[in-house]
Amino acid sequence: MALIVQKFGGTSVGDAERIRSVADHVARTRAAGHDVVVVVSAMGKFTDDLIRLADDVSPTRPPRELDMLLTAGERISMALVSMALGACGVESASFTGSQAGIITDSEHTRAKILEMRPERIREALAAGLVPVVAGFQGVSTERDITTLGRGGSDVTAVALAAALGADVCEIYTDVTGVFSADPRVVAKARRLPRVSFDEMMEIAATGGRVLMLRSVEFARRHSVPLHVRSSFTWEPGTWIVEEDPTMEEAVVSAVTDDTSEAKITVSGVPDRPGIAAKLFRELADRGINVDMIVQNTSLNGMTDISFTVGKTDLAAAIVACEKVKDEIGAAQVTSDDNIGRVSIVGAGMKSNPGVTALMFETLSTNGINIEMISTSSIRISCVLRADRVAEAVRHLHTAFGLDGA
Ligand code: ASP
Ligand code: MG
């Protein structure tokens, strides 16, 4: 008998029929002798609808009230799933994030979990109930209701699994697992039966849209095995687990793409200590997350610094750069939001030379220009023109032998 946390995303609880089929699955898991804790997202696109409503009544999105509003979405799901479980003959009770003991900091709309006190969930389990917990929400140390950032129900599920010592955290979604590339871009993409935490972190960070990055970090830190699978087919999906040292790692496991970022170039920057520090301090103080950074070798004591930021942060980032431009003696600030990033990820890259060369050759053979490059020990990313990204992904998928039958 195992303790299983089952998290159901928005499409999995999108309407009454989906909710009944979720309840039926939970009932079958129970009948197989397992204890189950359910975590739910808001139905369908309900969170987006609520944000739209908020924007219709206020231009400023007051963070405390926005959190109060958005957590309503998950409350609806948890109550309905709990009722549907009752109709399947499974005793259950729903709990808000606060009732489930999810204590966060006070950073509204992107709160971090400080502590887990799931006493009521433990009691419910001990009483033979299936607890149904509202994802994405918690309560702050100031006793206000908070949310964990978009997609945060994954974090709720992993945090509960870690705190309760669950055997596995199952993430149910509308795809059958993690793929070697986005199946909408690459028809021959294959489902990966198993991915290491490190690989999944890189996949999630470079455009893989299945799991929220923070939830993977959390799962890795607490060694919670994740199983990403479909609530439409219920077939086994992708296991995200610790690297298995007895197994030969794939050189490249996945090709990812991301067109959500833009590039900023600060040119004519004096090549002196402290210049980059000043620039990136200004960005950090405005809460802007910088991704890839490239600085050219200087010529006559002058250099250029390029970096990428999320498109949603572009305007704020330009303001920040313009502000420090004169202070650091830079010539100009330019930006480009027609870029995209293609990455290859694979744990076996560490011990296989030639991966970088093959990536660059594949792009150049197809006449695709590389504008920026960055690497980690198990990832290589290239920035390209946005309109070349899809074909680049397809060519790389073929070149690294990932095409399925
Ligand atoms: N409902 C929230 C969102 O749409 C949380 C989640 O789905 O994980 O972001
Ligand atoms: Mg989600």
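By convention here, the first residue in the shown sequence is residue 1. Atoms within each ligand, like the ligands themselves, are counted from 1 in listed order. What you see below is based on every heavy atom in this structure, not just the backbone, and it leaves out hydrogens, waters and symmetry mates.
- What you find for Pro131 and Leu125 is that their closest heavy atoms are CD-CD2, 3.8 Å.
- Heavy atoms of other residues, nucleotides or ligands lying less than 6.0 angstrom from CZ of Arg281 number 12 at most.
- Checked by distance only, ligand 1 and Ser153 come closer than 3.5 Å through their nitrogen or oxygen atoms.
- Looking at Asp257 and Val185, their side chains come closer than 4.5 Å, going by heavy atoms from C-beta outward.
- Proximity of Glu242 to Phe197: side-chain heavy atoms (C-beta onward) are separated by under 4.5 Å at one or more points.
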Check step by step if side chain to side chain donor-acceptor pair (under 3.5 Å) holds for Asp198 and Ser196. CA-CA 5 Å; Asp198 289 348; Ser196 71; 5.4 Å; no

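- The Arg150 neighbourhood of ligand 1 comprises atoms 3 (C), 4 (O), 9 (O), with distances under 4.0 Å to a heavy atom of that residue.
- Two residues are said to be in side-chain contact when any heavy atoms from C-beta on lie closer than 4.5 Å; Thr141 and Asp105 fail this criterion.
- Heavy atoms of Gly151 come nearer than 4.0 angstrom to ligand 1 in at least one pair.
- For Lys45, the closest heavy-atom approach to ligand 1 does not fall below 4.0 Å.
- If you number the atoms of ligand 1 from 1 as listed, the ones under 4.0 Å from a heavy atom of Ser41 come out as 6 (C), 7 (O), 8 (O).
- Taking 4.0 Å as the cut-off, Gly152 counts as a neighbour of ligand 1 on heavy-atom distance.
- Looking at Met212 against ligand 1, nothing comes within 4.0 Å, counting heavy atoms.
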